[in-house]
Novice: 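Dropping the structure in here first, questions after.
As the structure is a computational prediction, the values presented were derived from the model and not from experiment. The figures here come from the full heavy-atom set of this structure, side chains too, leaving out hydrogens, waters and symmetry mates.
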Amino acid sequence: MNLIVDVGNTYVKFAVFNDTDLIYKSSFKLKEFKIQYKTLKKEFPKLEKAIISSVGHLSVEQVQLIKNDLNVIELTSDLNFPFKNDYQTPKTLGVDRIALVCASVNQFPNKNVLIIDAGTCITYDFITKENHYRGGAISPGLRLRYVSLNNLTANLPLLETKLPDSVIGDTTESSIHSGVVYGAIKEIDGVIDQYREDNSDLTVILTGGDTKFLSNQLKNTIFAKSNFLLDGLNFILEYNSK
């Protein structure tokens with residue numbers, strides 16, 4: 001069994017895989033790491049290997065806690081990956097984006113794939129059917145757009161994400177919802193259209209925390225895969241353990 005540890009800026013995700021099957025996942029605040037890990041280890045005593053993907057910050061003590069029990073790989077750009085990285089600054093490519101590309105190569109071989117991760121940021125990553133990673137784009141996610149409007153203006157309120165009733169907002173609140181949500185939806189559809197101009201056989205994956213909210217609003221056909229990042233991390237662990 002494999003343990004996946006995905007550390008974000010605020011939350012940590014644990015996932016347990018039995019071979020390629022995701023059998024458990026949880027999310028909790030970083031300060032709960034020690035007690036959550038000990039509880040997990042009791043529930044899954046057959047865990048053997050782990051991979052740590054740390055966008056946020058794990059302490060040396062927290063990492064060592066896992067290393068005391070399991071064979072641990074820490075995800076960096078120096079590991080072995082099943083694709084050629086054409087990014088001009090490979091050391092700056094986020095490990096979460098690397099994991100998504102690996103999931104794509106594993107699950108959609110020999111296809112041109114655009115991966116859209118709709119979380120704090122919306123990231124776009126393109127991998128060719130020849131397994132060349134070309135790069136992509138980064139833009140603000142839904143929540144970040146709401147927060148920016150509140151933080152960087154004098155009078156706009158901070159709202160919770162909501163699908164607008166109309167593209168025409170007739171109040172300040174409905175105008176914010178329209179601008180944020182329809183702005184993101186039209187951006188995503190527009191990016192997909194742009195990629196499809198050059199790649200008529202394009203496969204599009206939508207993943208990340210806002211997958212469910214966005215998937216039914218897009219005009220383009222996509223594969224919605226909420227656990228795609230975890231799948232990619234598990235694949236990298238196996239790929240580098242052989």
Novice: Counting C-beta onward and ignoring hydrogens, is there a side-chain heavy-atom pair between K41 and L70 closer than 4.5 Å?
Specialist: yes

Novice: Is E74 paired with K67 through a side-chain N to carboxylate O contact shorter than 4.0 Å?
Specialist: yes

Novice: Can you list everything that forms a side-chain hydrogen bond (donor to acceptor under 3.5 Å, both in side chains) with Q64? Sequence neighbours excluded, please.
Specialist: N68

Novice: Given 3.5 Å as the limit, does a donor-acceptor pair link the side chain of S175 with the main chain of T171, or not?
Specialist: yes

Novice: Please indicate whether E61 has more than 12 foreign heavy atoms, meaning atoms of other residues, nucleotides or ligands, lying under 6.0 Å from its CD.
Specialist: no

Novice: Is it possible for you to say whether L47 and F235 belong to one hydrophobic cluster, with membership spreading through side-chain heavy-atom contacts below 4.5 Å?
Specialist: no

Novice: N227 versus K25: any side-chain heavy-atom pair under 4.5 Å?
Specialist: yes

Novice: Which atom pair, heavy atoms only, marks the closest approach of I122 to A184?
Specialist: CD1-CB, 4.4 Å

Novice: Checking side chain to side chain donor-acceptor pair (under 3.5 Å) for the pair E48/N71: CA distance, chi angles, key distance, verdict?
Specialist: CA-CA 6 Å; E48 296 177 349; N71 294 317; over 6 Å; no

Novice: Would you check, one step at a time, whether the test side chain to side chain contact (heavy atoms under 4.5 Å, CB included) holds for T76 with V95?
Specialist: CA-CA 6 Å; T76 71; V95 292; 5.6 Å; no

Novice: How would you list, by chain and number, every residue that makes a side-chain hydrogen bond (donor to acceptor under 3.5 Å, both in side chains) with Y37, sequence neighbours excluded?
Specialist: D69

Novice: Could you check whether any side-chain heavy atom of L156 comes within less than 4.5 Å of a side-chain heavy atom of I176, counting everything from C-beta outward?
Specialist: yes

Novice: Evaluate the criterion side chain to side chain contact (heavy atoms under 4.5 Å, CB included) for residue pair N2 and V16; output intermediate values, then yes/no.
Specialist: CA-CA 6 Å; N2 294 340; V16 176; over 6 Å; no

Novice: For N106 and D231, test the side chains for any donor-to-acceptor distance below 3.5 angstrom and give the result as yes or no.
Specialist: no

Novice: Of all the heavy-atom pairs spanning A99 and L229, show the shortest one and how long it is.
Specialist: CB-CD1, 3.4 Å

Novice: Would you list the pairs meeting salt bridge (Lys or Arg N to Asp or Glu O under 4.0 Å) in which at least one residue belongs to residues 120-131, sequence neighbours left out?
Specialist: R97-D125, K129-D201

Novice: Report the C-alpha separation of S59 and V63 in whole Å, then their side-chain angles, then the decisive distance to 0.1 Å, and conclude whether the side chain to side chain contact (heavy atoms under 4.5 Å, CB included) test is met.
Specialist: CA-CA 6 Å; S59 68; V63 173; over 6 Å; no

Novice: Any heavy-atom pair between the side chains of M1 and K49 that's under 4.5 Å?
Specialist: no

Novice: Are I138 and I116 co-members of a hydrophobic cluster defined by side-chain heavy atoms under 4.5 Å apart?
Specialist: no

Novice: Please name all residues satisfying ring-ring contact (aromatic ring centres under 6.0 Å, His included) with F17, sequence neighbours left out, ordered by chain then number.
Specialist: none

Novice: With a 4.5 Å limit on heavy-atom distance, are the side chains of I185 and L218 in contact?
Specialist: yes

Novice: How many angstroms lie between atom CD1 of I73 and atom OG of S53, to the nearest 0.5 angstrom?
Specialist: 12.5 Å

Novice: Indicate yes or no: at least one non-hydrogen side-chain atom of V180 is less than 4.5 angstrom from one of L149.
Specialist: yes

Novice: If you measure from CG on D78 to CG on N240, what distance do you get to the nearest 0.5 Å?
Specialist: 11.0 Å

Novice: Do L144 and Y11 share a hydrophobic cluster, counting only Ile, Leu, Val, Met, Phe, Trp and Tyr and linking them when any side-chain heavy atoms are less than 4.5 Å apart?
Specialist: no

Novice: Would you name the heavy atoms of C102 and G232 that are closest together and state the gap between them?
Specialist: CB-O, 4.4 Å

Novice: Does the separation of the ring centres of Y182 and H177 fall below 6.0 angstrom?
Specialist: no

Novice: Give the C-alpha distance, both sets of side-chain angles, the deciding distance and a yes or no for side chain to side chain contact (heavy atoms under 4.5 Å, CB included) between V204 and R196.
Specialist: CA-CA 10 Å; V204 181; R196 283 204 163 122; 3.6 Å; yes

Novice: Roughly how far, to the nearest 0.5 Å, is CG of L114 from CD1 of I222?
Specialist: 11.0 Å

Novice: Measure the spacing between CG of L206 and CG of L214 and express it to the nearest 0.5 Å.
Specialist: 6.0 Å

Novice: For the residue pair S104 and I127, what are the closest heavy atoms and their distance?
Specialist: OG-CG2, 3.4 Å

Novice: Charged N to carboxylate O below 4.0 Å: is that the case for K84 and D86?
Specialist: yes

Novice: Can the ring centres of Y195 and Y124 be said to be less than 6.0 Å apart?
Specialist: no

Novice: For F33, which residues count as a ring-ring contact (aromatic ring centres under 6.0 Å, His included) partner, sequence neighbours excluded?
Specialist: F14

Novice: Cluster question for you: counting only ILVMFWY and a side-chain heavy-atom cut-off of under 4.5 Å, with indirect links fine, are F28 and F44 together?
Specialist: yes

Novice: Is it the case that one hydrophobic cluster holds both F213 and I115, taking links as side-chain heavy atoms less than 4.5 Å apart, direct or via other members?
Specialist: no

Novice: Do you see a donor-acceptor pair shorter than 3.5 Å between the side chains of Q36 and T39?
Specialist: no

Novice: May I have all residue pairs that pass salt bridge (Lys or Arg N to Asp or Glu O under 4.0 Å) and include part of residues 137-158, sequence neighbours excluded?
Specialist: R143-E160, R145-E187

Novice: Compare all side-chain heavy atoms of V105 with those of F81 and state whether any distance is below 4.5 angstrom.
Specialist: no

Novice: Would you mind reporting whether T128 and V113 have side-chain heavy atoms less than 4.5 Å apart?
Specialist: no

Novice: CD1/I66 to CG/L58 distance, rounded to the nearest 0.5 angstrom?
Specialist: 6.5 Å

Novice: Verify, without hydrogens or angle tests, whether T89 (side chain) and T92 (backbone) share a donor-acceptor contact under 3.5 angstrom.
Specialist: no

Novice: I'd like to know if the side chain of N85 reaches the main chain of Y87, judged simply by a donor and an acceptor atom lying under 3.5 Å from each other, with no hydrogens or angles considered.
Specialist: yes

Novice: Run F228 and F223 through ring-ring contact (aromatic ring centres under 6.0 Å, His included) and show every step you take.
Specialist: CA-CA 10 Å; F228 208 53; F223 289 96; 9.6 Å; no

Novice: Can you tell me how far the CG atom of N199 sits from the CZ atom of F126, to the nearest 0.5 Å?
Specialist: 4.0 Å

Novice: Count the heavy atoms belonging to other residues, nucleotides or ligands that lie under 6.0 Å from NZ of K212, then report whether that count exceeds 12.
Specialist: no

Novice: Counting N and O atoms only, with roles assigned by atom type, does the side chain of T207 sit under 3.5 Å from a partner on the main chain of K225, one being a donor and the other an acceptor?
Specialist: yes

Novice: Might you point out which heavy atoms bring N150 and L158 nearest each other, and give the distance in Å?
Specialist: ND2-N, 3.4 Å

Novice: Write down the atom of L163, the atom of V181, and the distance for their closest heavy-atom approach.
Specialist: CD1-CG1, 4.0 Å

